[in-house]
Number of protein chains: 2
Amino acid sequence: MESVLEEAVALLDEAGASALTFRALAQRLGGGVASIYWYVANKDELLDRAADHAMGPVLDVVEKLPQSDDPIDDLRVMAVTLFDAIVQRPWLSAYFMRNTSIQTHTLGLYEKLGQQTLRMNLTASQRFHAVSALVGVVVGSAVDLGQEPTQEMLDGNVDRDEYLHRVAQDWRDLDPQEFPFVHEIVDEFDGHDDVDQFRSALELTLTGLRLQAGV
Amino acid sequence: MESVLEEAVALLDEAGASALTFRALAQRLGGGVASIYWYVANKDELLDRAADHAMGPVLDVVEKLPQSDDPIDDLRVMAVTLFDAIVQRPWLSAYFMRNTSIQTHTLGLYEKLGQQTLRMNLTASQRFHAVSALVGVVVGSAVDLGQEPTQEMLDGNVDRDEYLHRVAQDWRDLDPQEFPFVHEIVDEFDGHDDVDQFRSALELTLTGLRLQAGV
DNA sequence: ACCTGAACACCGTTCAAGT
DNA sequence: ACCTGAACACCGTTCAAGT
């Protein structure tokens, strides 16, 4: 079981979600395809378990984080830790919190995030929504990352920077009268860093939360 | 072309992303599978175009929205409009803003959101990040919705409420000492509305944005 | 310009049969 | 308890050939 998940994660890391097939996994394990069905009921469960397996080290880090006097600061560090993990493993975002009865590490992370809201003056509803919002920011910001390279990127052998640059050029060719905003931000878009984007989105949500809790 | 997208959207609406196959689509169009390849290069493009096709009416609504004196209020209405569309078509979230050179309606929506930030005292970078954050909130909140029903849900013939209730029961069985947050919010989680969750996340981001712009 | 049948190289999943 | 080979019912995609 352990080695099944280990090899599944390795396949996902090497070539993304589309590379994880039962046949490829069986080959790496040196067995037949049907064997894997002794450990998991179907591919969904395999992916849920693989994702949670990869969350183990992340939970370890989060649990060892020192607590400051400011729960908002602690939430920020935790969210960044989680986001960093997803940056390194973009395939994670699609399977985060999909089945907590199987994903115990993920549930642990959810709990640790939530415990910070227990330190703030909020209602249970506000706490629930706050953590959902934070998870949403992390996952929402990571959606871009999780996307498999498009056919265009594979064909032209273009990397991310080159791809962003081409899109930016398309945008610059648009009518400035009709698309004033796109023209305003096209230089920002061109070569932008996903981490900056995430950080800004996170800060907006944390600011809103700070105001709500009055801390 | 128009009818290809029309039928593709119909298939997606009826049974989700997994129902849209070239064979199923060809059958509905009364033709062969290979015909579709005259209109689109591959399945990715089909999905990108279908998603943008469904965005047409949404853009129409957003463009006809009256402008208030508060750009934040206008952003809220637009975000809610977009979210509502995704609630009705959960499959949309996965293909939003994936290829703007093809997705002209989607680009139009992005522009309309952004134009509200032009009315606020922000830098170009802040504007870019603000709209990215808002899109992230919408898409991030919609990720739950977009997920296909799990095998467990199909097997047991359980609906969403019943499913939430089962997960909630699992959570209630956890050790309260170890999972104080999960216990705090389990009653909120049980039977929660995705719209409420989205609204809260949106409000936190808008509050942060209001503070940043000083309006 | 538009459509087709038939094939190719894959998938996830099942199942009777093995140890 | 664990593994297997072989089959089943699908996929997206290609291509030579048609109108």
**Asked** When rounded to the nearest Å, what value does the distance between P atoms of D:dC2 and C:dA17 take?
**Response** 22 Å
**Asked** In terms of side-chain geometry, is the basic nitrogen of B:Arg76 or B:Glu203 positioned less than 4.0 Å from the acidic oxygen of its partner?
**Response** yes
**Message:** Using modelled atom types and a 3.5 Å cut-off, is there a donor and acceptor pairing between side-chain atoms of B:Ser132 and backbone atoms of B:Phe128?
**Reply:** yes
**Message:** List the residues meeting side-chain contact (heavy atoms from CB on, under 4.5 Å) with A:His183, not counting sequence neighbours, and say none if there are none.
**Reply:** A:Leu174, A:Pro176, A:Phe179
**Over all atoms of both residues, closest heavy-atom pair of A:Asp44 and A:Arg98** = OD1-NH2, 3.1 Å
**Asked** Is there a donor-acceptor pair under 3.5 Å between the side chain of A:Glu111 and the backbone N or O of B:Val182?
**Response** yes
**Request:** Output, in order, the C-alpha distance, side-chain angles, deciding distance and verdict of salt bridge (charged side-chain N to carboxylate O under 4.0 Å, His left out) for B:Arg28 and B:Glu14.
**Result:** CA-CA 13 Å; B:Arg28 283 180 81 115; B:Glu14 284 167 30; 3.1 Å; yes
**A:Thr100: partners by side-chain hydrogen bond (donor to acceptor under 3.5 Å, both in side chains), with sequence neighbours left out** = B:Trp171
**Complete:** Here the salt bridge (Lys or Arg N to Asp or Glu O under 4.0 Å) pairs for residues 82-94 of chain B, sequence neighbours left out, are B:Asp13-B:Arg89
Each nucleotide N or O in nucleotides 2-4 of chain D that has a protein N or O under 3.5 Å away: list the pair and distance.
| residue | atom | partner | partner atom | Å |
| --- | --- | --- | --- | --- |
| D:dC3 | OP2 | A:Tyr39 | OH | 2.5 |
| D:dT4 | OP2 | A:Gly32 | N | 2.7 |
| D:dT4 | OP2 | A:Ser35 | OG | 2.7 |

**Request:** For the residue pair B:His129 and A:Gln197, confirm or rule out a side-chain donor-acceptor distance under 3.5 Å.
**Result:** no
With 3.5 Å as the limit, what N/O pairs link the protein to nucleotides 9-12 of chain C?
| residue | atom | partner | partner atom | Å |
| --- | --- | --- | --- | --- |
| C:dC11 | N4 | A:Arg23 | NH2 | 3.3 |
| C:dG12 | OP1 | A:Lys43 | NZ | 2.7 |
| C:dG12 | OP2 | A:Phe22 | N | 3.1 |
| C:dG12 | N7 | A:Arg23 | NH1 | 2.6 |
| C:dG12 | O6 | A:Arg23 | NH2 | 2.7 |

**Prompt:** Looking only at atom types and distance, does a side-chain atom of A:Gln115 sit under 3.5 Å from a main-chain N or O of B:Pro180, one as donor and one as acceptor?
**Reply:** no
**Request:** Give each stem of DNA chain D as a range with a range, requiring at least 3 consecutive Watson-Crick or G-U wobble pairs whose two distances are under 3.5 Å.
**Result:** C:4-8 with D:12-16, C:12-16 with D:4-8
